Each structure stands twice: as structure tokens, then as C-alpha cells.
Chemist: 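Below is one structure. I have some questions about it.
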There are 2 protein chains.
Amino acid sequence: MDLVSKADLVFKALADASRRDLLDRLRADNGQTLNQLCAGVPGMTRQAVSKHLAILEEANLIATVKRGREKLHYLNPVPIHEIAERWIGKFERSRLDALSDLKKALESGDE
Amino acid sequence: MDLVSKADLVFKALADASRRDLLDRLRADNGQTLNQLCAGVPGMTRQAVSKHLAILEEANLIATVKRGREKLHYLNPVPIHEIAERWIGKFERSRLDALSDLKKALESGDE
DNA sequence: ACAATATGCAACCTTTTGGTTGCCTGTCAA
DNA sequence: TTGACAGGCAACCAAAAGGTTGCATATTGT
């Protein structure tokens, strides 16, 4: 098996606000080039953006297509979907239980 | 406004596998003490676990209740729920669109 | 009272992360 | 063919993250 799990790459990729922003911008306008994406993040070099995109690609959150001298970036929402289903879903299902535990604990702490 | 957004704290907290594991274990057995949680992570000092718990608490993913000399940790799934609703939800909704973009791009790349 | 237990605090260390600069490669257009 | 344009690669750097050790503090049971 992998040294780092697939889910871990996705969580780590999503941990950075700049990368979440890149995903947001691809969602709004899919298939942008590196330079187009750079234009939306002033105050950051092209290489920095390129590194973020590489991390997103490693996590399979984006796919790229080379078209001549430019590289088009496409959002792949599948890993986000899987994370939501497999991991967040568990917590969704136990939401009310956990809150009732919490409430009980806080009440008994008041005694 | 805050220097770091609330959502950012949650994403950052979820970025570490040990912390996700702690949440998992609290979900299975809510209200554990620090030492109980340490027992489940062999090969890590109590202080390391304590730091992870502090980060989770900072992100509001757990709430704590002091009970005598021990501190009980309770899962708070609400931030996870909010993340799922506000952020992941957007990507869920655009899932098919993005995939169709991707497919089109890959096809035209084959010409 | 006192020893054991449960946790907190702080300094310190190493690795990872996010970013930069500088230069190289490939592609298009005149 | 020769610039200009889009992007890749590698070295380097500062700051943050993850972890440790050592000591301090508060609570509890005997």
C-alpha cells in the first residue's frame, strides 16, 4: 500500500487557503492555464502557483491537459466527493449523538 | 475580522492524520480523557497528543470539560458539518459539470 | 500530610511547507 | 530564424508544524 494514503493527500491539499482558492476559481472557470490562474493571485510568483497546482494534481484534485505551449487545468471534484462520503459522512451521521453527549457533559459539569 | 478564518482552522486541523484519528476515536467513544486518548496512540508522547487536542479545540472540533483532575474531550461535529455544507457542497453540485469539462478536454487532446 | 495521578507550560529540535530567485526548455508568430 | 511567450526545474530560505524532554501545578486516595 502507499506510504501516504490517498485521503491524506486530499486533506493536506485542502489545508491551504491559496489552494482552496485555486479550486474555487477553477470551479468558476474550468480549464484555465497557469498564467490565467496566476493573474488571479497577485503578489505571488508563477512558480509558487505552479507548486500549488502540482500539489493539487498529486492529490488528483485537478487534471491537466497540455495544449501546445500552454497547460490547461481542470477541476476534478471526485476526491472531494469521496472524502465527503467516506469520512465526513460518518461525522454527519453521529452529529446529534455527539451533541447530546456534549450537552449532558456540560450539564453534569454544572452540579 | 479574524486573521485566520474559522474554516481555515478546521481545514488545517483536519490536515493531520493523527488528529483525524483522534476525532475518529472520540466518535467511537466520546468523553475520553487525555490519558485514555494517549493509550490509543502508542509511540507518541502525552504532550504531542495534548498539542493535537489543543489544535482540535482551537478549531472548535472538540469541546472539553474539566472534571476534577482530568479533562474530558467531546467531539463537536458541527464545524465538519458546516464545512461539508458550505464548501464541499459547492463542489458536489458542480460535480457532473466539471467531469464533463474534463472529458471534453481529454477528448480534444486526443486529436 | 504525602505520594501518586492527570494535566499544563515552555524551551528546544528537526522536518515540512510555502515562497523566492535564477536559469533552462519548448512552442508559436512575424 | 529569431524573439517573445508559456511553462519546468533546482537551489535556496524563512517560517510553521510536529515532536521531544524537563519541570511545574492541581487533585485525589490512603
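Treat the numbers as computed from the prediction; the structure is a model and nothing was measured. Chain letters run A, B, ... following the sequence lines, proteins first, then strands; residues in each count from 1. Values reported hereafter were calculated over all heavy atoms of this structure, with side chains retained and with hydrogens, waters and symmetry mates removed.
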Chemist: Is B/Q47 side chain donor-acceptor paired with the D/dG18 base, going by distance under 3.5 Å alone?
Modeler: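 No, the side chain and the base share no sub-3.5 Å donor-acceptor pair.
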
Chemist: Within the modelled atom types, does a donor on one side and an acceptor on the other bring the side chain of A/K66 and the base of D/dG7 under 3.5 Å apart?
Modeler: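 Side chain to base: no pair present.
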
Chemist: Which nucleotide, D/dA17, D/dG7, C/dT20, lies nearest any side-chain atom of A/K71?
Modeler: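 It is D/dG7.
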
Chemist: Quick one: which of D/dG19, C/dT21, C/dG8 gets closest to the side chain of B/S50?
Modeler: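 That would be C/dG8.
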
Chemist: Does a side-chain N or O of B/N35 approach OP1 or OP2 of C/dT5 to a distance below 4.0 Å, or not?
Modeler: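 No.
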
Chemist: Given C/dG19, C/dG18, C/dT7, identify the nucleotide with an atom nearest to the side chain of A/I55.
Modeler: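 Minimum distance to the A/I55 side chain belongs to C/dG18.
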
Chemist: Can you tell me the distance, in whole Å, between the CG atom of B/L53 and the P atom of D/dA17?
Modeler: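 Taking atom P of D/dA17 as the reference, CG of B/L53 is at 17 Å.
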
Chemist: Hey, is the side chain of B/T45 poking within less than 4.0 Å of OP1 or OP2 on D/dG19, counting only N and O atoms?
Modeler: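 Answer is no, no contact under 4.0 Å.
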
Chemist: Roughly how many Å is it from CG in B/L72 to C1' in C/dT7, rounded to a whole number?
Modeler: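 Atom CG in B/L72 sits about 12 Å away from atom C1' in C/dT7.
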
Chemist: Can you measure B/L56 atom CG to D/dA17 atom P for me and round it to whole angstrom units?
Modeler: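 Nearest whole value for this atom pair: 14 Å.
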
Chemist: What is the minimum heavy-atom distance between A/L22 and A/H52, and which atoms define it?
Modeler: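 Shortest heavy-atom contact: CD1-CB, 3.7 Å.
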
Chemist: Taking CD in A/E58 as the centre, count heavy atoms belonging to other residues, nucleotides or ligands within less than 6.0 Å. Is the count above 12?
Modeler: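 Result for CD/A/E58: open.
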
Chemist: Could you tell me whether A/D21 and A/R25 make a salt bridge, using a distance below 4.0 angstrom between a side-chain N and a carboxylate O?
Modeler: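 Salt bridge flag = yes for A/R25 with A/D21.
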
Chemist: Please report the distance, rounded to the nearest Å, between CZ in B/R67 and P in C/dT7.
Modeler: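 That distance rounds to 13 Å.
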
Chemist: Quickly work out the A/R46 CZ to D/dC5 P distance and round it to whole Å.
Modeler: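 That distance rounds to 13 Å.
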
Chemist: With B/L34, which of B/R46, B/E70, B/K71, B/Q47 fulfils side chain to side chain contact (heavy atoms under 4.5 Å, CB included)?
Modeler: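 The passing option is B/R46.
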
Chemist: Between C/dG18, D/dG18, D/dG19, which nucleotide has the shortest distance from any of its atoms to the side chain of B/D16?
Modeler: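 Comparing C/dG18, D/dG18, D/dG19 against the side chain of B/D16, the answer is D/dG18.
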
Chemist: May I ask you to decide if B/A13's main-chain N or O and B/R19's side chain share a donor-acceptor pair within less than 3.5 Å?
Modeler: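 Flag set: sc B/R19 to bb B/A13 pair under 3.5 Å.
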
Chemist: What are the two closest heavy atoms between A/G31 and A/Q36, and how far apart are they?
Modeler: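 Answer, listing the atom of A/G31 first, then A/Q36: O-OE1, 4.4 Å.
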
Chemist: Could you give the CD-to-P distance, from A/Q32 to D/dA6, as a whole number of Å?
Modeler: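 It is 14 Å, rounded to the nearest whole Å.
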
Chemist: Identify, between A/Q36 and A/K12, the residue whose nearest nucleotide on DNA chain D lies closer to the 5' end.
Modeler: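 Whichever sits nearer the 5' end wins; that is A/Q36.
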
Chemist: Of the listed nucleotides (D/dG18, D/dG7, C/dG19), which one gets closest to any side-chain atom of A/L34?
Modeler: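 Of all the options, the side chain of A/L34 is nearest to D/dG7.
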
Chemist: Can you check whether any acceptor in the base of C/dG26 is under 3.5 Å from a donor in the side chain of A/E70, or vice versa?
Modeler: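 In this structure, the two groups form no donor-acceptor pair.
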
Chemist: Any idea which of D/dC5, D/dT27, C/dG18 is nearest the B/R69 side chain?
Modeler: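 Looking only at side-chain atoms, B/R69 lies closest to D/dT27.
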
Chemist: Give the rounded distance in Å between these two atoms: NZ of B/K51 and C1' of C/dT15.
Modeler: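 The answer, rounded to whole Å, is 14 Å.
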
Chemist: Does OP1 or OP2 of C/dT17 have a side-chain N or O of A/H52 closer than 4.0 Å?
Modeler: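 Indeed not, no polar side-chain atom of A/H52 lies that close.
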
Chemist: Round to the nearest Å and state the distance from A/E58 atom CD to C/dG18 atom C1'.
Modeler: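 Computing the A/E58:CD to C/dG18:C1' distance gives 16 Å.
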
Chemist: Using only heavy-atom distances, decide whether a donor-acceptor pair under 3.5 angstrom links the side-chain of A/R19 to the base of C/dG18.
Modeler: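 Check fails, no donor-acceptor contact within cut-off.
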
